[in-house]
Every structure is written in C-alpha cells, then in structure tokens.
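Okay, structure first, notes after.
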Amino acid sequence: MTVAALEALTRNAVDVLPHGELARKLERGRPLRVKLGIDPTAPDIHLGHTVPLGKLAAFQRAGHTAVLIVGDYTARIGDPSGRSKERPVLSTEELDANARTFAEQAFRILDRERTEVRYNSEWLGQLDFAGVLGLTRTTTVARLLERDDFARRLAAEEPISISELLYPLMQGYDSVAIEADVELGGTDQLYNLLCGRDVMEAYGLEPQVALTLPILVGTDGRDRMSKSKGNYIGVAEPPEEQFGKLMSIPDTATADYWRLCLDEEPLAGEPMEVKLGLARRIVRRYHGEEAAVVAEAHFTRVVRRHEAPEEVREVRVRAEGESAWLPGLLRTWFDLPSTSEGRRLVEQGGIRVAGAVVRDERVPWGSLDGALVQAGKRRFARVVVESPSA
RNA sequence: GGGGGAGUUCCCGAGUGGCCAAAGGGGACCGGCUGUAAACCGGUUGGCACCGCCUUCGGAGGUUCGAAUCCUCCCUCCCCCA
C-alpha cells in the first residue's frame, strides 16, 4: 500500500473517519468490501450520483470489491437526509423499474464483472418484528434526533415519521448484512454512515470506515443536483443535451465539476475554454469521442450562432381552411401544454417562420410549406403542408 | 383523552363576502444583452379558434343577487397539554 494509492482513494473526500482507519484496513492486504447505497427513487443516474460511483470505481480499480446496494426496501421510507419534508412513497412497481435502469446505468461507471449488486429487501424483508426491535436497541431517540435534518424539522414543527427515524438503522443493517469495510456517500450521509458503525459494532462486526464526498451542485449552481429540482444532467441523456446543460452551469461551478465528475484538475485558461473542455470530456466519457464532437458542433451552431441544427425533424399538416392558425399547429408540432401557450409564443415574438418573426396567429398555408419553423431559441421543425384533397 | 392551528393556482405564500383567474417570491417560458442554455434587464405564466365564455382556492352540501372568503358535515396534516 503506497501513499500515492491511498491519496487516489481519498482524493476529493471531505471526511474519512475514523482517522487512520482506512490505511490500517488497507495494510492488511486483503481486498476491502466497499459499499455504496443508492435509492431507486428516480429512474436515472445523474452526474451527482457519479461522484460516489466514481469513487467506488476507483476502489474497484485498486482491487477492492464494490458492493452496490440498491435500496429497494429502504426506498419505501425515503431517506430523510437533507430533506425538510417527508418524501412521497413510490409504488413497488415504480421502484422495481427504477432499480433495474439504475443498476444498468451504474455500469457506465462501474466494472460490471467486479461489482456485487445487492437489493436490501433481501435481508430487510426477512426481518421479523423481534429483529426490528433488536436493531432499534442499538441507539436512542436522543441520538437519532441529534442530526441536523431532524433537529431542524422538529424546531420548524414539521412532521417526522417513526419510519424515517428508522432509516439510518436500516442503512446500518445493510452494512451488517454485507460486512462492509468502507461505506461511501455524500457529506449529507455522514450521520447515516457513522450510525452504520454503531450498528455493526452492536452486531459484533468491525465497524466500517465512513468516507464522504462533496455534494455536486446542479446546473443552477446553487442547490444540490437532483431530479426533482430539475437542475440535473443525466448520464443517459443525449449528447447535445448534456453538452448544452454543462455549458449552462455558472462559471463558479466549473472547477468543482472538473474535480468531482472527472477527477481531474481544471485546465488553466479562459472560463469559456475551461467549460468547453469540461463539456467535451464528460460527453466523451458517456457517449464516446464522436458524439462529443457532434454535440459541440451542435452547440456552436444552435446556441452560439443561433442557427438551425443540421438535422431538423419534419412535421406534416393537412391544409384546411383559408389560412393556417398557428397556436393550434404549434401545440401539436412542439408538444405545447395548451394552445394558449402557442398564442403567447406568437404574441411574444418567439415564433419564426423561414427566419422571419411572425406576429399574426393566422398565416397563409403557402408560407408554411417547406418552411423552417422555430419556437424560441432551441425548438425547430420543418413543415410539410399537404393539400386538403390529397 | 383535552385544547389550539392548517389545507390557495407548478412550488412557497398573500388573500376573511363583490374591485379575485386570485398579491409577492421561486420556477418555467419569450425577448434583449452575452463566451454560454450563466448573470443582468424587460415581458408572459388556468383553459378555450380568447374583446367573451368555462373551470380552479382539501371534499360534499348550504346561506347569499354574489363565496377562496360565511354556515354544516367529512377528509388530511401540524402543534401543545395529558
């Protein structure tokens, strides 16, 4: 075990507790069982998830065993970490579907052959009431209420359910079940990870090392990346989408993205160049070199030069009546929520036909046939008008 | 078991009988500007072929010319005391 190897495993880590324990475990020379738990509450993995996943992959490359816990059982409760409200409970079907795609997407980062995927319903589902009681005896209410989330919610007179209180214990029991040596998580997981130590000890096991990583901010540069906040970049999203979203993050967040998503130091240079470099590398990582080049070209063309993309989908419409009524047509072409939305777009000068802004709701059919219609800055369609009798 | 309080448009949150499709903020969308899908500035933001009509303020009834606002019952949630 070299100093450099230890450095690689702990790079970007915020806490590695207890101090010196990881080095001690590594020195024994046997592969460690490194645990990362994920809640299948959303179907897609985003860049925020890739931070601990990337760290897990790093352990894997160093010869250790990655144990990916899919929290299909715990998800029924919802992790209260960082939450100010109870989470909505998902149906079993949704959770199952999410769990599958989630694990699948995780293999974009992990080595499939060397990853142990476990569903925690495997052991949590086996616990009878006596087992649950045994688990609850490992801690006290006061200790559970120590954590910030709970303390804050209690102070704000917001509800905390008993099942949420049990969450850290269940997560800790996962560590018992798989005999974890190390557990990874975001800084918001610190309490849960440490609670896991106590639970393991109570079950006669050597407590795990808790390794926490920074929380990645979302594209808004402010809040943590999450699906529900709509500020996320999914690893399975199309290349153009990823590239554009990455370019939209605030400059202040760029360096963090380099370190946490790529595990590299940011380039030196102009902010724009640094961000372009980031977007290229990330898209390349998840979609390959060629897709990255195409995505960048698309960005340059559509966003920077305000031109239409190379390929524009075609929409067909049958000419009916004297003239075309745009709000209704826009609704179907661009999947708008209502025709009122279409009206607003026209009113606000957000609609261009063949490059010219259109301000009337009615236009001659002739002006639409073969024309490129643009809604806002990024939505395009090529129109084909069919004659009414055809 | 007793007492108090809350449920409003995508979210938070004003609104206690007509001036309410409902303040303000967030988000989203459009426009301007820009290296950017950032920041900033301006506008829009229930639906409908829309100068008018329809639906919305936890649910169901009721009072009234007129209700998000008043009454009754119900549902959900929170706090305090025990």
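Here is the naming used below: chain letters follow the sequence lines, and residue numbers restart at 1 for every chain. Values below: every heavy atom of this structure, side chains too, minus hydrogens, waters and symmetry copies.
To the nearest whole angstrom, the two P atoms, one in B:rG26 and one in B:rG13, are 15 Å apart. As rounded to the nearest Å, B:rG32 and B:rA38 have P atoms that lie 14 Å from one another. Rounded to whole Å, the separation between the C1' atoms of B:rA23 and B:rU72 comes to 31 Å. Straight-line distance between the C1' atoms of B:rC75 and B:rC30: roughly 41 Å, to the nearest whole Å. Across the P atoms, B:rU55 and B:rG47 are found 16 Å apart, a figure rounded to whole Å. Look at the C1' atom in both B:rU8 and B:rG15: the space between them is 9 Å, to the nearest Å. Nucleotides B:rA67 and B:rG1 place their P atoms 38 Å apart, quoted to the nearest Å. Using atom C1' as the reference point in both B:rA37 and B:rC29, the two lie 13 Å apart (nearest Å).
Considering A:Arg197, A:Lys35, A:Arg33 in turn, A:Lys35 is the only one that fulfils the side chain to side chain donor-acceptor pair (under 3.5 Å) rule with A:Ser175.
Residue A:Ser338 is classed as a sugar-phosphate contact, given heavy-atom separations below 4.0 Å to backbone atoms only.
Classified by its glycosidic torsion, B:rC12 falls in the anti category, the angle being over 90° from 0.
Rounding to the nearest 0.5 angstrom, the gap separating the CG atom in A:Leu193 from the CG atom in A:Asp15 is 9.5 Å.
A donor-acceptor contact under 3.5 angstrom links the side chains of A:Trp123 and A:Asp174, judged on distance only. Side-chain contact annotation: A:Gln189 with A:Asn192, donor-acceptor N/O pair under 3.5 Å present. Checked by atom type, the side-chain pair A:Gln208/A:Glu183 shows a donor-acceptor distance below 3.5 Å. Side-chain N/O atoms of A:Asp198 and A:Thr138 include no donor and acceptor closer than 3.5 Å.
Pair assignment for B:rG1: B:rC81, on the basis of Watson-Crick or G-U wobble contacts that are both within less than 3.5 Å. With a cut-off of 3.5 Å on both Watson-Crick or G-U wobble distances, the partner of B:rC10 is given as B:rG26. Of the nucleotides present, B:rG32 is the one that pairs with B:rC40 by Watson-Crick or G-U wobble criteria, both distances under 3.5 Å.
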Let me have a per-nucleotide readout for nucleotides 29-40 of chain B, 5' to 3', with B, S or -, counting only protein heavy atoms under 4.0 Å.
-> SSS--BBBBS--
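To the nearest angstrom, P of B:rU45 lies 16 Å from CG of A:Leu336.
With respect to the salt-bridge test (charged N to carboxylate O, under 4.0 angstrom), the residues A:Glu347 and A:Arg344 do not qualify.
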